[in-house]
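Just below is one structure, and these are the notes that go with it.
Just so it is clear: chains get the letters A, B, ... in the order the sequence lines come, proteins before strands, and each one is counted from 1. Quick caveat, the model's predicted, so the values are computed rather than measured.
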Number of protein chains: 2
Amino acid sequence: MDLSALKTALLVRDVGSFAAVARLLDLDASSVSRVIAQLEQDIGFRLFQRSTRSLAPTSEGELYLNRIAPLVEELEAAGDEARTTAISPRGILRMTASISFVQECLIPILPEFRKRYPEIDIELLASDANLDLRAEGVDLAVRFGSLPKGDWIVAKLMTTSYRVVASPEYIEEKGPLSHPDDLSERDCICFAIPGFRTYWQFRKGGDAESFSVPVGGATVISNALSIRSAARLGMGVALLPIMLVQRDLAKGTLLDLFPDHACAATSFETAAWLIYPSRSYLPQKVRVMIDFLKAEVRRSGS
Amino acid sequence: MDLSALKTALLVRDVGSFAAVARLLDLDASSVSRVIAQLEQDIGFRLFQRSTRSLAPTSEGELYLNRIAPLVEELEAAGDEARTTAISPRGILRMTASISFVQECLIPILPEFRKRYPEIDIELLASDANLDLRAEGVDLAVRFGSLPKGDWIVAKLMTTSYRVVASPEYIEEKGPLSHPDDLSERDCICFAIPGFRTYWQFRKGGDAESFSVPVGGATVISNALSIRSAARLGMGVALLPIMLVQRDLAKGTLLDLFPDHACAATSFETAAWLIYPSRSYLPQKVRVMIDFLKAEVRRSGS
DNA sequence: TCAAACTCATGCGTATTATGCATGAATGGA
DNA sequence: TCCATTCATGCATAATACGCATGAGTTTGA
């Protein structure tokens with residue numbers, strides 16, 4: 001049963017002639033004749049009684065067509081409205097990012113986003129776990145690290161860099177560190193993610209060769225904000241993204257231990273990445289959030 | 001947009017896998033993949049987010065499919081119910097017959113029909129006019145005369161014959177008629193139909209040559225029952241079908257003037273004909289009335 | 001009353017679409 | 001790490017849709 005066949009039948013009912021419907025649809029009348037004949041065969045009863053020059057609906061045909069007309073109309077409307085919803089910024093935007101990114105970067109700018117797009121509701125999944133984006137029904141993810149793999153579309157939001165920091169109290173009590181190699185003998189607060197626990201990477205100057213320093217310590221935390229808090233409390237040395245510590249560095253609550261070195265956990269080529277399901281049929285709500293985040297990054301210059 | 005594509009999409013939503021749906025429908029998975037892809041292109045947004053080994057509905061997809069699911073179901077139900085109605089004896093049977101046939105033949109047997117088929121309502125169009133059956137939305141017609149022309153199906157209900165009759169009072173007052181030729185000098189009550197007004201046909205014996213007798217009179221009536229009433233009142237000689245006069249003849253209220261002749265208005269090969277739109281997709285209500293009328297004719301032996 | 005115009009049905013040939021097979025890329029589970 | 005499975009897609013073939021041509025029948029206008 002074809003929906004366009006049903007619409008043709010409804011048109012025949014309204015217009016009263018295969019030939020006239022054929023002219024309206026720019027078809028051959030034989031095609032209309034066959035469409036209706038096939039439909040009658042599919043549904044098992046006759047819709048129209050016809051002679052060589054006229055036709056009229058049968059009583060069953062009339063009942064049936066009157067019944068399906070609103071259904072066909074509503075099916076069309078359902079498609080139109082769903083399409084409109086997909087292309088106009090509305091609905092629930094379900095996104096995920098690390099807890100720290102949510103807290104430090106997203107929450108502060110969400111009021112402006114909500115003000116600009118009042119019809120988009122935000123559902124934030126703050127998680128440091130490597131979520132299954134599809135299973136979680138996520139529209140948009142912000143991920144840090146190397147270029148993510150997979151079939152989802154990836155766009156760079158911003159580059160990131162890391163700093164090795166400690167509190168003034170810690171330095172005063174335990175003494176300064178003159179070189180990254182010294183870290184192997186210090187209490188480091190490590191991130192509970194493979195690659196963050198055991199080696200930190202360093203490079204002095206843009207072209208210089210990088211080197212790894214083994215790190216360890218009594219404290220492993222899964223949450224970057226908590227790592228920052230622990231560092232503030234003098235519990236040790238921490239490697240944290242610049243976005244989390246730039247205010248502490250400015251205030252002097254944390255000190256950048258190796259300002260002449262580029263620092264990283266696993267790779268120097270890290271960034272904040274926007275990850276979304278596909279380019280085709282991208283809902284407008286996702287599109288506008290992507291644009292909004294990119295604009296925010298440009299505005300703040302980081 | 002195809003209804004079976006929508007049904008496939010609903011099945012994919014429920015089952016969660018192209019491959020599984022393909023197995024259910026005995027299709028190749030590539031066909032399911034293409035059906036969904038085509039549907040997404042037709043409606044202009046993505047229904048399912050998929051990777052190489054899994055898929056999940058998009059939020060728009062979920063909204064859309066939830067909305068159309070009852071519509072699709074109701075379209076199917078509409079077809080099923082209409083088909084059931086067409087094949088089970090129910091609904092309104094709209095039929096037409098001459099006023100006299102309705103009065104003398106149909107009305108008396110309708111109670112039995114209604115008792116047997118209580119869910120069939122009868123709409124009787126009693127008319128001596130040559131109605132446009134299709135325009136009037138007629139399901140079944142009973143017509144007298146020669147074999148009807150046209151594209152509707154025709155089945156003989158019963159043969160008919162005509163008798164020339166007058167009341168005893170008329171004969172007593174005006175004198176008897178010894179031969180049909182005498183009619184041209186008598187007052188005949190004529191039927192207001194071409195072919196009935198100006199000549200009556202006679203034939204004596206099965207193989208004898210027929211002859212026409214010109215008739216006329218001051219009275220032309222469009223209703224056979226009224227012609228009969230007028231004849232009973234002695235207003236003249238009438239040519240009437242046997243079914244209308246057999247009781248009067250038995251009671252002696254009308255006399256058969258030429259019992260040795262076959263009589264006719266236009267042709268000796270006349271009958272009562274059942275006329276219905278087509279053999280294919282014949283609604284059961286029409287079928288059962290046809291069968292009922294034929295059985296009634298067999299039962300009464302006329 | 002007759003001829004022309006029109007409608008609907010259908011045969012036929014061609015264009016278009018649907019389908020399965022084969023294959024590749026990617027993912028998930030053992 | 002490897003194998004099984006899923007989804008996408010190229011390709012060839014099968015199936016269907018379509019227009020053209022034609023015929024039968026009806027309706028309308030001259």
I'd like to know if the side chain of [X] and the backbone of [Y] have a donor-acceptor N/O pair within less than 3.5 Å.
| X | Y | result |
| --- | --- | --- |
| B/Asp139 | B/Met95 | no |
| B/Thr8 | B/Ser4 | yes |
| A/Ser212 | A/Tyr199 | no |
| A/Glu40 | A/Arg46 | no |

Side chain of A/Asp28 - closest among C/dT19, C/dC8, D/dC20: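 Minimum distance to the A/Asp28 side chain belongs to D/dC20.
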From D/dG19, C/dG20, D/dC7, nucleotide with atom closest to B/Ser31 side chain: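 Out of D/dG19, C/dG20, D/dC7, the nucleotide with an atom closest to B/Ser31's side chain is C/dG20.
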Tell me: [atom1] of [X] to [atom2] of [N], nearest whole Å?
| X | N | atom1 | atom2 | result |
| --- | --- | --- | --- | --- |
| B/Leu55 | D/dT6 | CG | C1' | 9 Å |
| A/Leu27 | C/dC8 | CG | C1' | 15 Å |
| B/Ile36 | C/dA18 | CD1 | P | 13 Å |
| A/Asp26 | D/dC18 | CG | C1' | 12 Å |
| A/Arg34 | C/dA9 | CZ | C1' | 8 Å |
| B/Gln41 | D/dA8 | CD | P | 14 Å |
| B/Gln49 | C/dT27 | CD | P | 13 Å |
| B/Glu40 | D/dC7 | CD | C1' | 12 Å |

Any side-chain donor near an acceptor of the partner, A/Asn66 and A/Glu62, under 3.5 Å: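 No - no donor-acceptor pair under 3.5 Å links their side chains.
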Sugar-phosphate, base or nothing in reach of B/Ala19, heavy atoms under 4.0 Å: sugar-phosphate
Distance below 4.0 Å between [X] side-chain N/O and [N] OP1 or OP2:
| X | N | answer |
| --- | --- | --- |
| A/Arg23 | C/dC6 | no |
| A/Ser30 | C/dC8 | no |
| B/Ser33 | D/dT9 | no |

Any donor-acceptor N/O pair under 3.5 Å between D/dG25 base and A/Arg50 side chain: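 When only heavy-atom distances are counted, A/Arg50 does not reach the base of D/dG25 through any donor-acceptor pair under 3.5 Å.
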